[in-house]
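So the structure is just underneath, and the comments pick up after that.
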Amino acid sequence: MIDFQRIRQERSGKRIIFELLGNILQLLLMGYGLKCLITLHGRLPTSVQGEIYRHYSLMPVTGALAAVAGLLYFALGLFIFLSDGPPPREDFGWLCRLGRGLLRWGSLALAICCFFKAQELKGHGINLSGLPVQFLFILVGSIVGFPLLLLWLAAVYDREQVKKDLWMRQCRPLHVWWRPAAYWIWRFWAGRWTPTGFRVIYADSSGFVHKGYCFVYRSFQSDPNWGRLRVMWLSDTVTGQLPLPEVWVHDS
C-alpha cells in the first residue's frame, strides 16, 4: 500500500516513484479492471487445449463477460493493495479500521465470486446443484476448518510468548488480541518464519498504558537448532495512565 505519511514527511519525487513502483502490480490490475468496465472490452486468461498439452492464453472478451473480468481485476488489485502497509495509528478510529477490514476482505470475496461467474459465462462453470447441502458443509468444513484450528492453536501458544516478553520487561499485559492475516506483517516477513500478529494493550512499571502492535516469529538464523520464538514490536504508543490506588486515611 502507498505510504502517504512517508510521502508527506519526505516530500521528494524519489519517494513518490519508490512508492508507485512498490505498488505497480495492484495499480495495474485496478487500472486495467476500470478499463474493462468502461469499454466493455478486455482479455481474460483461459485454458486452451493444444495438440499435446493444455496451456493458458489471453482470450478477448466483450459485453457482460468483460464487465465481470473488469470487476475481477479491480477487486483482486484492491485486495493486494490493502494487504500491505504499516500498522494503523492510534488516532485511527475503530470505524475506519473496521471499514478498511471489510473493504479488504470484501474485495477478495468479490474477486472469488467474479471468477466463478466468469467461468459460468464461458460455459466452464462447476455444477454443485446436484450435491446435498450437508455434503457441501462437510466438504468446506474439512478443507477450511482444520487449517483454521491449527492456526488458532498456534496463535494461542504465540500469545503466551507476548505475555512472557512483557513480564520480562516488568510490564503487565491488559489485553492481547490475535490479528489473523494482518496486513502490516508482510513487509517484515523476510527471514522470519510463521509470523503471528497481535494488538496489545499493557501497563508499564510506572503505571502508563501502552497500545501497540507486534508479531511473534521464529528465527532459524540466530537459533538454527530450535527456531526460538521471538517478539518484534512495530509500534508502541503511550495513551494514558492507570488510576492511582486509593489511600484510606483514618484518625489515629
Side-chain angles (χ1 to χ4, degrees), residues 1-8 13 15-51 53-88 92-93 95-131 133 136 139-140 143-144 147-148 179-187 189 197:
M1 185 176 183
I2 298 177
D3 194 346
F4 293 100
Q5 184 178 1
R6 295 194 63 178
I7 292 177
R8 289 193 298 268
R15 169 52 55 183
I16 296 176
I17 294 175
F18 178 79
E19 292 293 337
L20 291 177
L21 291 177
N23 297 272
I24 189 66
L25 173 61
Q26 48 267 44
L27 293 178
L28 286 177
L29 283 174
M30 295 169 66
Y32 188 72
L34 290 176
K35 178 260 181 188
C36 294
L37 287 172
I38 295 173
T39 63
L40 294 182
H41 287 80
R43 291 181 176 272
L44 190 66
T46 306
S47 176
V48 179
Q49 179 63 49
E51 296 181 357
Y53 55 89
R54 300 182 67 90
H55 64 278
Y56 284 88
S57 64
L58 294 175
M59 180 185 71
V61 293
T62 58
L65 186 54
V68 173
L71 282 175
L72 171 61
Y73 291 134
F74 184 83
L76 185 59
L78 183 60
F79 174 73
I80 298 175
F81 182 78
L82 294 175
S83 296
D84 181 44
F92 205 56
L95 282 177
C96 296
R97 303 186 190 201
L98 179 62
R100 190 188 191 283
L102 292 176
L103 185 61
R104 179 192 178 196
W105 294 110
S107 61
L108 178 61
L110 178 61
I112 295 175
C113 292
C114 289
F115 173 78
F116 286 107
K117 185 63 178 180
Q119 299 301 316
E120 180 183 345
L121 292 176
K122 290 189 300 181
H124 300 155
I126 302 175
N127 186 16
L128 298 177
S129 59
L131 298 177
V133 178
L136 292 178
L139 180 63
V140 174
I143 295 177
V144 179
L148 288 180
R179 288 293 183 262
Y183 66 88
W184 33 266
I185 288 182
W186 314 120
R187 59 178 59 190
W189 204 348

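Bear in mind the structure is a predicted one, so any value in this text is a computation, not a measurement.
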Measuring from atom [atom1] of [X] to atom [atom2] of [Y], what distance do you get when rounded to the nearest 0.5 angstrom?
{"X": "Leu71", "Y": "Leu110", "atom1": "CG", "atom2": "CG", "result": "5.5 Å"}
{"X": "Leu82", "Y": "Leu108", "atom1": "CG", "atom2": "CG", "result": "11.0 Å"}
{"X": "Arg100", "Y": "Tyr183", "atom1": "CZ", "atom2": "OH", "result": "4.5 Å"}
{"X": "Cys114", "Y": "Leu121", "atom1": "SG", "atom2": "CG", "result": "10.0 Å"}
{"X": "Leu34", "Y": "Leu29", "atom1": "CG", "atom2": "CG", "result": "11.0 Å"}

State which residues pass side-chain contact (heavy atoms from CB on, under 4.5 Å) with [X]; sequence neighbours excluded, sorted by chain then number.
{"X": "Arg43", "result": "Tyr32, Leu58, Pro60"}
{"X": "Thr62", "result": "His41"}
{"X": "Leu44", "result": "Val61, Leu65, Ala69, Leu72, Tyr73, Ala118, Lys122"}
{"X": "Leu98", "result": "Trp94, Leu102"}

Could you report the tightest heavy-atom contact between [X] and [Y], atom names first, then the distance?
{"X": "Ala75", "Y": "Ser107", "result": "CB-O, 3.3 Å"}
{"X": "Gly42", "Y": "Ala66", "result": "N-CB, 4.3 Å"}
{"X": "Leu37", "Y": "Ala67", "result": "CD2-O, 3.3 Å"}
{"X": "Gly77", "Y": "Gln26", "result": "O-CB, 3.3 Å"}

### Message
Does Lys35 have more than 12 heavy atoms from other residues, nucleotides or ligands lying within 6.0 Å of its NZ?
### Response
yes

## Note on the structure
Applying side chain to side chain donor-acceptor pair (under 3.5 Å) to Arg104 and not counting sequence neighbours gives Ser83

